[in-house]
There are 2 protein chains.
Amino acid sequence: MDELEQLDRIKYYRSYEAGQTLIWSGDPMDFVGSVVTGIATLTQTMEDGRTQMVGLLLPSDFVGRPGRDSSAYNVVATTDIVMCCFRKKPFEEMMVRTPHIAQRLLEMTLDELDAAREWMLVLGRKTAREKIASLIAIIARRDAALSMQGMRGPLVFDLPLTREAMADYLGLTLETVSRQVSALKKDGVISLEGKRRVTIPDFNRLLEEAGDDSDGGMLI
Amino acid sequence: MDELEQLDRIKYYRSYEAGQTLIWSGDPMDFVGSVVTGIATLTQTMEDGRTQMVGLLLPSDFVGRPGRDSSAYNVVATTDIVMCCFRKKPFEEMMVRTPHIAQRLLEMTLDELDAAREWMLVLGRKTAREKIASLIAIIARRDAALSMQGMRGPLVFDLPLTREAMADYLGLTLETVSRQVSALKKDGVISLEGKRRVTIPDFNRLLEEAGDDSDGGMLI
DNA sequence: TTCGTATCTTGATCTGGGTCAAGGCTCAGG
DNA sequence: CCTGAGCCTTGACCCAGATCAAGATACGAA
């Protein structure tokens, strides 16, 4: 396809190490891009240091905003990460010429908006235990989608986030995260191998703990 | 412009009374549209009745999602409201033919996503007092933009939300909302005439109370 | 006018999660 | 082997905001 060729011509790759900040809030940003491998987070910070994660970037997720030239958030690599980037100017020009791209971006942005709104319910109304269960369910679902294993049988995967990052995602402290993870483990909702590797024996049980009606989630 | 003419041809108006639910979560939705006058809210509800507002629709805001045929949220009229609607099918066909529309929608969706992320910080990390101040600041700013009065001098406007709706927006109880509104009034950050009409003598003071750095907000 | 309903305020008390503090585990580097 | 730095867990205590309860205010209908 012609437009793919054109995109190919202006793309380039960048890699970053775990812990590195790719972009600071307010910084000028002359590229857009998408995650190839690894995980990054979008965070907002108040002057006194309180921080809230507002997005979790997994492979294939898009970063950047056409038509704005500074980032509104910090973008931080959680693991080593490879990004596929396009300089913003040529990308925007292409967007004008090839409507497909804008339509695809619209799709993706609407999905992100849905996810953000789902997250608002978690942040505003769920208990600490429900928040943890919700986060684990989301990661499990995305992981299952990526690794092509279905949702049957026990799910096994690694938590890509530290307790602190989970706390920032959920509007909790890291101590509360730790306590609630322990509690879910004690109650047999999850089991742990080391601190990061999680097994979910019964996904519906987890969804109940998350306060979700146990079928709303199957739309992957 | 030709495309505007075409849009004109497929549009129609609907009005609803305050309190009416326009759309139930999960309902089929065969139109998209935008608010002409009045105010509506998007809400999510858990089985046990906990509810979280995830969007506030003011005049000019868009409702509905091209490429999906059921709503993910309840849409409820807060005041009497008039909507301008397009049947989804012809609207989607037009979107394919006229790239402008997708680009414009992308713009708007990105703005909503930014607002949602801003709100995640409020929900996850702010205190009750900061939440109230944030909400009042947002409403004040949108109102000032609509009514064309600048941000100089005292701002006066009506709160379009009940205490309960404010609580649902902020992840609080209505009692806490009431107490914090009273506290902000006692401290001179706002003053009230009746229960709804608000005067803000010093907008920067309000932003301080909201925990925002006092200039980040001026980008209207 | 009285009544009823919806909305809001305020007080008293309780509690989930925050805060502070003290270790424990793991692994890289010396 | 030991040491130190990150990360995680657990305990003790505290407090912001939830919950429970009792009116107050406003207003339209009878």
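A note on names: the letters A, B, ... follow the listed sequences, proteins ahead of strands, and every chain is numbered from 1.
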Rounded to whole angstroms, how far apart are [atom1] on [X] and [atom2] on [N]?
X: B:Q180; N: C:dT10; atom1: CD; atom2: P; result: 12 Å
X: A:K131; N: C:dG18; atom1: NZ; atom2: P; result: 7 Å
X: A:R125; N: D:dA18; atom1: CZ; atom2: C1'; result: 11 Å
X: B:L184; N: C:dT9; atom1: CG; atom2: P; result: 12 Å
X: B:R197; N: D:dA26; atom1: CZ; atom2: C1'; result: 17 Å
X: B:R163; N: D:dT25; atom1: CZ; atom2: P; result: 15 Å
X: B:K186; N: C:dT10; atom1: NZ; atom2: P; result: 11 Å
X: B:D158; N: C:dC8; atom1: CG; atom2: C1'; result: 16 Å

Does a nitrogen or oxygen in the side chain of [X] sit under 4.0 Å from OP1 or OP2 of [N]?
X: B:T173; N: D:dG17; result: no
X: A:R129; N: C:dG16; result: no
X: B:T127; N: D:dA16; result: no
X: A:S182; N: D:dT10; result: yes
X: B:R179; N: C:dT9; result: no
X: A:S178; N: D:dT9; result: yes

Query - A:K195 side chain, from C-beta outward: closest of D:dA18, D:dT9, C:dC8 - result: D:dT9
Query raised in the report: In terms of side-chain heavy atoms of A:E175, which of C:dT19, C:dG17, D:dT19 is nearest?
Result: C:dT19
Query raised in the report: Hey, are B:K185 and B:S191 close enough side-chain-wise for a donor-acceptor pair under 3.5 Å?
Result: no
Query raised in the report: Just checking, is any N or O donor in the side chain of B:N74 or B:S25 under 3.5 Å from an acceptor N or O on the other one?
Result: no
Report task. Would you indicate whether the side-chain heavy atoms of A:T78 and A:L161 approach each other to under 4.5 Å? Result -> yes
Report task. Looking at every strand, decide which applies to B:G171 at a 4.0 Å heavy-atom threshold: base, sugar-phosphate, or nothing. Result -> sugar-phosphate
Query raised in the report: When we call it a touch if two heavy atoms are under 4.0 Å apart, what does B:L172 touch: a base, just sugar-phosphate, or nothing?
Result: sugar-phosphate
Requested in this report: I would like to know whether B:Y12 and B:R14 meet side-chain hydrogen bond (donor to acceptor under 3.5 Å, both in side chains); could you show each step before the answer?
Outcome: CA-CA 7 Å; B:Y12 58 99; B:R14 300 202 53 172; 5.9 Å; no
Query raised in the report: Within 45° of the ring axis of B:Y73 and under 6.0 Å from its six-membered ring centre, is that where the NZ or CZ of A:R117 lies?
Result: yes
